[in-house]
Amino acid sequence: MTDDLIERLVKDLRPIRGAGVAARLAGGLAAGALVALAGVLFILGLRPDMPAALGSAMFWVKLAYTVALASLGAWCVERLARPAGVPGRRLWWLVVPALAMIVLSGLQLAGAPADLRRPLVMGSSAMVCPWLILAVSAPVYAGLAWALRGLAPTRLRLTGALAGLAAGGAGAAIYALHCPEAGAPFVAIWYSLGILAAAASGALLGPRLLRW
Amino acid sequence: MENYDLALTALMIAGLDGDADAYRALLGDLRRRLESYFGRRLRRDAAEVEDLVQDTLMAVHTRRETFDRAQALLPWAYAIARYKLIDHYRRAGRRISIPLEEAGSELRIEDGSAAVEARLDLEKALAMLPPRARLLLRSLKIDELSVAETAARTGMSRGAVKVAAHRGMKDLARRLGGGSDGDD
């Protein structure tokens, strides 16, 4: 019985090229991101001042922060998608964008007149921002989960959390095309909250969705 | 042991490049390891063991792209085996004491799962012994202290430590050999 199985598997052997895991994860992430992008464009719409925003530093800061979190999260998932894989030091790199965003927010708050500080933190969409980021990240998480089910994660909760973080980062980057907020403290708080909510949801769903 | 893992890793890499003979040799070797891995844990049911061995070999095959050529093969293969074992327990609706998350971290050490499990089994077995013998054996076998260190720790003479440890081991062997045959 087992002998037959081994013969069948040997007969089925095809050479494997190097970047299989990364390619599959990138495919899942890209497919999910496309769906999320379509959702933002057709349901929420681009921010009205889009052309001007392209020239503002804050637009690019938002993108850099969220894309960095998405990439680092996905980079950790690339390890966790393998049996016995651990993210190790890759996890620590997440500190870099987080710290950079905190420092930038501190500088902006310190340099602002007292009556401008509250708007920098609260903007005009603080109460909806984390929820919308969570919603936009959902298709991205679905794409990553689809990719992971074809791979072999063995620590499903941690894998789910980091896939959620990656999805949250990507979702927030896409949401930034809609969101007109320009305060660094706003991004540091409300964007991060949405991304963390995505990571927490990912951790909750991981053991059920990522099973193979 | 380490050389052995290197040889298996080389077979796997050849297999990933399409070398059927290397791959056949690898699967044959893994099969024997898996039979003993699952056999030790599911003593009662040979059919279950074979199912799990086949399941794991299938997963090794279909998910072989997740093998990182820079890593050793056995930790990877045993992580799959352990995942399949836990999945099996879950399906069977049995409770087991090591959650999946922690199971993963043990596997960072090369072939560490076997060591950890051996240690857990030893702890369980020690619990059956009288307190003094338990203390001695824990000091010698788990903490891996020398006879002299154990003597200093317990205030016994070296000779007494040796004799008592020897009796303890015999006692343990008798209890394990003649005791219950259930594994939980």
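Only a predicted model underlies this, so the values are computations on that prediction, with no experimental measurement involved. Note: hydrogens, waters and symmetry copies are ignored here, and every other heavy atom, side chains too, is used. Here is how names work: the chains are called A, B, and so on, in the same order as the sequence lines, proteins then strands, and each is numbered from 1.
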Is it the case that the side chain of B/Tyr23 and the backbone of A/Leu9 share a donor-acceptor pair, with hydrogens and angles ignored and the cut-off at 3.5 Å?
no

Strictly less than 4.5 Å between heavy atoms, which residues of residues 124-153 of chain A line up against chain B? Please order them by number.
A/Arg149, A/Gly150, A/Leu151, A/Ala152, A/Pro153

For A/Val10 and B/His61, what are the C-alpha separation, side-chain angles and deciding distance, and is it a side chain to side chain contact (heavy atoms under 4.5 Å, CB included)?
CA-CA 9 Å; A/Val10 170; B/His61 178 72; over 6 Å; no

Distance (rounded to the nearest 0.5 Å) between B/Arg24 CZ and A/Asp3 CG:
11.0 Å

Please identify each residue that fulfils ring-ring contact (aromatic ring centres under 6.0 Å, His included) with B/Phe67, with sequence neighbours left out.
B/Trp76

CG (A/Leu80) and OG1 (B/Thr66) are apart, to the nearest 0.5 Å, by 12.0 Å

Return the CZ to CD distance between A/Arg8 and B/Gln54, rounded to the nearest 0.5 Å.
7.5 Å

For B/Ala59, is it the side chain, the backbone, both or neither that has a heavy atom under 4.5 Å from a heavy atom of chain A?
side chain

Separation between CZ (A/Arg82) and CZ (B/Arg63), nearest 0.5 Å, reads 14.0 Å

Could you give the distance from OG1 (A/Thr154) to NZ (B/Lys84), rounded to the nearest 0.5 Å?
12.0 Å

At their closest point, which heavy atom of B/Tyr83 faces which heavy atom of A/Leu210, and how far apart are they?
OH-O, 4.5 Å

Provide the closest heavy-atom pair for A/Ala84 versus B/Ala79 in the form atom of the first, atom of the second, distance.
N-CB, 3.5 Å

How close do B/Arg69 and A/Ile16 get, counting heavy atoms only, and between which atoms?
NH2-O, 3.3 Å

B/Leu27 side, atom CG; A/Leu13 side, atom CG - distance, nearest 0.5 Å
8.5 Å

Contacting region of B/Asp87 [heavy-atom separation from chain A under 4.5 Å]:
side chain

Measure A/Glu78 against the heavy atoms of chain B and call it side chain, backbone, both or neither at under 4.5 Å.
neither

Student check: side-chain heavy atoms of B/Ile80 and A/Pro83 closer than 4.5 Å
yes

